[in-house]
S.K.: 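Can you read through this structure? Questions will come right after.
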Amino acid sequence: MTSRERVILALQHKEADRIPIHDGPWGTTVARWHKEGLPEDQSPHQYFGFEFSGSGCNNSLQLPHKVLEETDEYIISTNADGAVMKNFKGKTSTPEMIDFTITTKEIWEEHKPRMVMNESRVNLEQQLEANKKAREAGYFCTMSFGPGFTKVCDMVGPERTMIKMMTEPDWIKDIFMTDAQLCVDIAEEMMGYGIEFDAGWIFDDLGFRDYGFFAPETYRELLMPAHKLICDCFKSRGLPMLLHTCGFNMEFMSLFIETGFDCIQPLEVKAGNDMLKLKKDYGDKLAFMGGIDVRAMAHEDPDVILQEISSKIPIMKQGGGYIYHSDHSVPDNVSFQQYCRTMELVAEYGKF
């Protein structure tokens with residue numbers, strides 16, 4: 001059975017030979033693993049048999065990148081959306097947000113004409129070649145996007161975004177919709193060029209610990225139409241939609257179903273998500289991907305990860321609808337040996 005066949009069955013709530021697997025170790029984690037036994041000529045994707053292959057695109061304002069300051073420890077630069085970010089070298093971390101270009105509706109209106117499809121947003125030839133190789137290898141091929149709330153926070157600033165969602169909602173919604181339309185235009189260009197996808201995948205973080213960043217009603221009014229625009233593009237072609245959303249999102253599930261999402265990932269445990277409850281409440285309508293606590297992987301007691309996997313996967317896999325993934329990404333406090341043990345347990349408890 002190919003990866004594509006296995007993932008499609010999971011998304012259709014059917015049982016395959018085993019649950020599909022995928023994950024996202026940090027770059028510093030991969031570097032550690034190469035020192036601890038991962039062959040130098042292999043990636044974790046190759047070594048562990050991860051089953052997804054993704055294509056991406058450039059949905060930025062396409063402003064010039066400028067390095068403002070560089071030391072041995074960090075780089076401060078202006079990115080393609082006009083935000084000044086501080087990125088640290090030699091470690092994986094969230095960039096520090098320093099300043100922003102898009103701070104008012106008027107400035108947005110000046111830059112908005114840049115948010116249109118052009119040939120520099122995606123290398124069609126390169127993507128087509130990579131897509132053909134991935135499909136020949138049997139991978140489940142996705143088109144991945146980063147629009148929506150997270151994108152606007154990075155472009156406008158988190159505090160400003162959340163304030164303006166209340167005080168100038170039409171402005172923020174216009175950014176959401178403009179960005180979503182650009183993503184649709186890029187996807188249609190790629191599919192029209194012959195690039196074949198098995199699903200679309202939106203990346204948009206909507207919560208922190210125990211709470212969403214905003215109420216479900218706000219999601220319905222401001223952000224849901226943008227997500228739905230992208231979902232409709234893929235659903236009209238009979239393709240499923242996945243949503244990556246970090247943080248707490250238990251209260252959004254019914255709206256995710258209404259929007260058109262078929263699978264939710266990564267179901268962060270430390271943020272308060274209860275994957276087993278989600279399976280019970282929504283397992284007939286949603287598939288789930290993730291929910292395996294990375295803190296358990298890193299724990300010095302091997303029984304902790306055994307308990308984590310043995311208490312979740314047997315329930316989550318029933319009737320299909322589950323894909324293994326960590327509950328976010330794999331940090332560099334997880335050793336290669338610990339992750340190998342994790343994957344052994346996933347294989348043991350993930351068989352049908």
S.K.: Side chains of Asn118 and Gln62 only: does a donor on one sit below 3.5 Å from an acceptor on the other?
M.R.: yes

S.K.: Are Asp262 and Lys285 ion-paired here, with the side-chain N under 4.0 Å from a carboxylate O?
M.R.: no

S.K.: Please check if the distance between the ring centroids of Phe149 and Phe176 is under 6.0 Å.
M.R.: no

S.K.: For the residue pair Gln265 / His244, report whether a side-chain donor-acceptor contact shorter than 3.5 Å exists.
M.R.: yes

S.K.: Could you check whether Trp33 and Asp332, counting side-chain N and O atoms only, form a donor-acceptor pair closer than 3.5 Å?
M.R.: no

S.K.: Can you tell me if Asp204 and Thr150 form a side-chain donor-acceptor pair at under 3.5 Å?
M.R.: yes

S.K.: Between Asp303 and Gln307, does any side-chain donor sit less than 3.5 Å from a side-chain acceptor?
M.R.: no

S.K.: If you measure from the Lys or Arg side-chain nitrogens to the Asp or Glu carboxylate oxygens, is any gap between Arg121 and Glu189 under 4.0 Å?
M.R.: no

S.K.: Between Arg135 and Asp198, is there a salt bridge with N-O shorter than 4.0 Å?
M.R.: yes

S.K.: Output yes when Lys133 and Glu129 qualify as a salt bridge under the 4.0 Å nitrogen-oxygen rule, no when they do not.
M.R.: yes

S.K.: With the threshold set at 4.0 Å, does a side-chain nitrogen-carboxylate oxygen contact exist between Asp17 and Lys351?
M.R.: no

S.K.: Using a distance-only test with no angle check, is there a side-chain donor-acceptor pair under 3.5 angstrom linking Tyr74 and Glu96?
M.R.: no

S.K.: Check Lys228 with Glu258, please: is the shortest side-chain N to carboxylate O separation under 4.0 Å?
M.R.: no

S.K.: Is a salt bridge present between Glu308 and Lys312, judged by a nitrogen-to-oxygen distance below 4.0 Å?
M.R.: yes

S.K.: Should Lys105 and Glu168 count as an ion pair when the cut-off is N to O under 4.0 Å?
M.R.: no

S.K.: Could you point out which residue of Phe52, Phe203, Phe261 forms a side chain to side chain contact (heavy atoms under 4.5 Å, CB included) with Leu242?
M.R.: Phe52

